[in-house]
Amino acid sequence: MTDFDAAFRALDALHAPSLASDIELRSKAPRSALTAPGLDDDPPTRRRMPAALVAFAVFLAGAAVVWSAFGNMTHSPQRPRQTVLDPWTGYGEGWTQLPDPPKISPGAAEVWTGSHYLYWGGIPLGGKIASKRGYSFDPATSTWTPMPAAPQAGDYPQGIWTGSLAIFWGGTGPSHAGQAEGVAYDPAAMTWKRLPPAPIRSGSGQKLVWTGSVMIVWGGNKSGLAAASGAAFDPESWTWRPVAAAPITLNTFTSVWTGAEMVVFGSNLDRNNRATTSVEGEAYSPATDAWRVLPRSALSPQASTLAWVDGRLVAYDYVLTAAELDSPGGPWKGLPHVPLSAGECYPDSAVVGSTMVAFYCGHAVAWNEGSDWSPISGGLVAETVAAHGSQIQLYRFADLTPAGSVLLFAAEGVTITKHGPCYGCSGAPHQFWAFRPPPPPAPTSPPTSPSLRPGAKHIKLLPGESRSFAKGELHTGDLITCPGRGSVTVTVPGQLATSSIGLTANRGLNGGVYAHCDSNGG
């Protein structure tokens, strides 16, 4: 297990309460003492779930029976749609700040329809109850338009887009009995419709995925206990069905859809924010209503995030260790360390095209297959604030929404108190940004496989891996390689040519050899 004592020495000055205290604080404290006009007809709702937990539970994903999820994948049939030109054509590479919606509601659900950005529900600033209202942003005109009031409020809901409907889940109904009542919005007709009663109860931390034909709701916490159950909603038949119980129970996880499977990936945390499991993953196939368990990873169980990028699962964790899984049997393969400083933040990620954007503590980096992590500068991540003698990122937390060719950020900043920076406190600033990733680097020719002498061994080290070889175990001509880092060849038993940057090989004890493959690439 990762030694967190050493990692936490590098944490910055941000004051971050435990997860349990953060939930308690944000569930009770109003956003401010002000009263927002025009909200009196919003019904009271259950206690709010912290946005930090929503981003934290950012993690795990997707569904299917065969590992065609990692090969030639087939999507479920959908109704044909009219081709829409890129509505973000006028938004250049990098950052573009968007105008704020008429009312900002932390905890709102965000859905991209293919042409508009929907922002619905949440708790309006200055208010104490969840809202039934929302707004639609048109990137072509850079304007917000009010949505009609929904039949119920949205208390930290989530949303998906079916191709014709935005479905929101997690808003509480008037009974406050914990039975979630989802709603669907038709932007073309500007009308709402309630979903039929679901066979599962609502719970904080539940995740949604859209498979192309059904919406799957899975997991979460119910009465303080993690759940391994879920349900699937078919908007064509307007019906629900339960999904099979998962073999692993998780309460802190990310979910993604691979094109054939819903993968969920994470761990269990107790009330003291301690992990009771390692980082684990499992995949669900809607076609067979069956689960399979993924290979275990070595990532930190405290927090991690998962993304589906170009046919592979890519994850990184709380201490910025990264790995990928590109075959059904595994194992997870180490990737270069995310080039940021560890902090008291929840890792998050989203994918635009073939680019994965990692957002952590107000910093962002991009990753493309075949290249290293690339820092993202300017825009939202350039905002800093003075905090007790040092500068920290102002917008350390944000909701990420893939929107075609751009990634949308709905960011909430910290406020500075006498005790230090505070997230979720009254007076926090908010900003909305669109980020267009630069084109991915041109593919390079694959390296030529090193030639070996007849009978020689080829030892392949993974990034971050170390190996010790006893005297006589290596022979002249044996080759040790480190992917993307270099290679060394045994000249005579127990001796090697000069090490490459990123791959060190030294004479070991008693004539043996010690080799290490640097996970940072040098």
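The basis for the numbers below is simple: all heavy atoms, side chains too, and nothing from hydrogens, waters or symmetry mates. Keep in mind that what you see is a predicted model, and the values were worked out from it rather than measured.
For the pair Ile216 and Thr211, the minimum side-chain heavy-atom distance is below 4.5 Å. Under the 4.5 Å side-chain criterion, counting only non-hydrogen atoms from C-beta, Phe168 is in contact with Trp192. Arg241 places a side-chain heavy atom less than 4.5 Å from the side chain of Pro286. Using a 4.5 Å heavy-atom cutoff, the side chains of Leu380 and Leu394 are not in contact. In this structure the side chain of Ser426 never reaches within 4.5 angstrom of the side chain of Thr415, judged on heavy atoms. With a 4.5 Å cut-off on side-chain heavy atoms, Met147 and Leu118 count as touching. Counting heavy atoms from C-beta outward, Thr401 and Leu407 have side chains that stay 4.5 Å or more apart. Looking only at side-chain heavy atoms (C-beta outward), Thr252 and Leu250 stay at 4.5 Å or farther from each other.
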Quiz prompt | Stepwise side chain to side chain contact (heavy atoms under 4.5 Å, CB included) check, Cys345 with Arg396 | solution = CA-CA 8 Å; Cys345 297; Arg396 302 174 68 87; 3.4 Å; yes

Self-check item: Steps toward side chain to side chain contact (heavy atoms under 4.5 Å, CB included) verdict (Thr321, Ser300)
Solution: CA-CA 8 Å; Thr321 301; Ser300 164; over 6 Å; no

Exercise. Test side chain to side chain contact (heavy atoms under 4.5 Å, CB included) on Val209 and Ile160 and set out the steps.
Key: CA-CA 7 Å; Val209 298; Ile160 58 94; over 6 Å; no

Self-check item: Gln431 and Glu383: CA distance, side-chain angles, deciding distance, side chain to side chain contact (heavy atoms under 4.5 Å, CB included) verdict
Solution: CA-CA 11 Å; Gln431 286 187 355; Glu383 301 273 1; 3.6 Å; yes

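A donor-acceptor contact under 3.5 angstrom links the side chains of Glu344 and Tyr318, judged on distance only. Donor-acceptor pairing under 3.5 Å is lacking for the side chains of Asp234 and Thr239. Donor-acceptor pairing under 3.5 Å is recorded for the side chains of Ser349 and Thr305. Side chains of Asp86 and Ser405: a donor-acceptor N/O pair is present below 3.5 angstrom, by distance only. Under the 3.5 Å distance criterion, with hydrogens and angles disregarded, no donor-acceptor pair is assigned to the side chains of Gln206 and Trp218.
At distances below 3.5 Å, not a single donor-acceptor pair connects side-chain atoms of Ser105 with backbone N or O atoms of Gly122. A distance-only check finds no donor-acceptor pair linking the side chain of Trp169 to the backbone of Gly159 [under 3.5 Å]. Here the side chain of Trp161 pairs no donor or acceptor atom with the backbone of Ala166 at under 3.5 angstrom. Looking only at distances, a side-chain donor or acceptor of His430 sits under 3.5 Å from a matching main-chain atom of Ala428. A donor-acceptor contact shorter than 3.5 Å links the side chain of Asp289 to the backbone of Ala244. Judged by distance alone, the side chain of Glu282 and the main-chain N or O of Val293 form no donor-acceptor pair under 3.5 Å. A donor-acceptor pair is defined here as one N or O able to donate and one able to accept, closer than 3.5 Å; no such pair exists between the side chain of Ser142 and the backbone of Pro139. Between the Arg194 side chain and the Pro151 main chain, a donor and an acceptor come within less than 3.5 Å of each other. The backbone N or O of Cys361 sits nowhere less than 3.5 Å from a side-chain atom of Tyr395 that would complete a donor-acceptor pair. With Asp317 contributing its side chain and Gln302 its backbone, the two residues share no donor-acceptor pair below 3.5 Å.
The six-membered or imidazole ring of Tyr346 lies away from that of Tyr360, with a centre-to-centre distance of 6.0 Å or more. Taking the centre of each ring, Phe359 and Phe409 come in below the 6.0 Å mark. Between Trp120 and Tyr135, the distance separating the two ring centers is not shorter than 6.0 angstrom. A ring-centre distance under 6.0 Å is not found for Trp210 and Trp112.
Here Asp399 contributes atom CG and Phe432 contributes atom CZ; the two are 9.0 Å apart, rounded to the nearest 0.5 Å. Note that CG of Asp138 and OG of Ser136 are 7.0 Å apart. Values are rounded to the nearest 0.5 Å. Atom NE2 of His363 and atom CG of Leu320 lie 10.5 Å apart (nearest 0.5 Å). With rounding to the nearest 0.5 Å, the separation of OG1 in Thr191 from OH in Tyr185 is 7.5 Å. Between Met356 atom CE and Leu335 atom CG the span is 9.0 Å, to the nearest 0.5 Å. Rounding to the nearest 0.5 Å gives a distance of 10.0 Å between OG1 of Thr96 and CZ of Phe435.
In this structure, Trp373 and Trp367 have tilted ring planes: the angle between them lies in the 30° to 60° band. Below 30°, between 30° and 60°, or above 60°: for Tyr119 and Tyr117 the angle between ring planes is between 30° and 60°, a tilted geometry.
Both tests pass for Lys193 against the ring of Trp238: distance under 6.0 Å to the centre and angle within 45° of the axis.
Of all heavy-atom pairs between Asp310 and Ser354, the closest is OD2-CB, 3.3 Å. Heavy atoms only, all atoms of each residue included: Ala231 and Pro199 are closest at CB-CG, 3.7 Å. When all heavy atoms of Ala315 and Leu299 are compared, the closest pair comes out as CB-CD1, 3.6 Å. The two residues Pro235 and Ile167 have their closest heavy-atom pair at CB-CD1, 4.4 Å. Here the closest non-hydrogen pair linking Asp186 and Ser164 is OD1-O, 4.0 Å. Closest non-hydrogen pair, Ala245 versus Trp291, comes out as O-CD1, 3.5 Å.
Classification of Glu280 and Arg296 as a salt-bridged pair holds, one side-chain N sitting under 4.0 Å from a carboxylate O. Between Glu324 and Arg312 there is a salt bridge, since at least one side-chain N of the basic residue sits less than 4.0 Å from a carboxylate O of the acidic one.
Residue Leu98 is tested with Trp144, Phe137, Trp433 for a side chain to side chain contact (heavy atoms under 4.5 Å, CB included); the sole match is Phe137.
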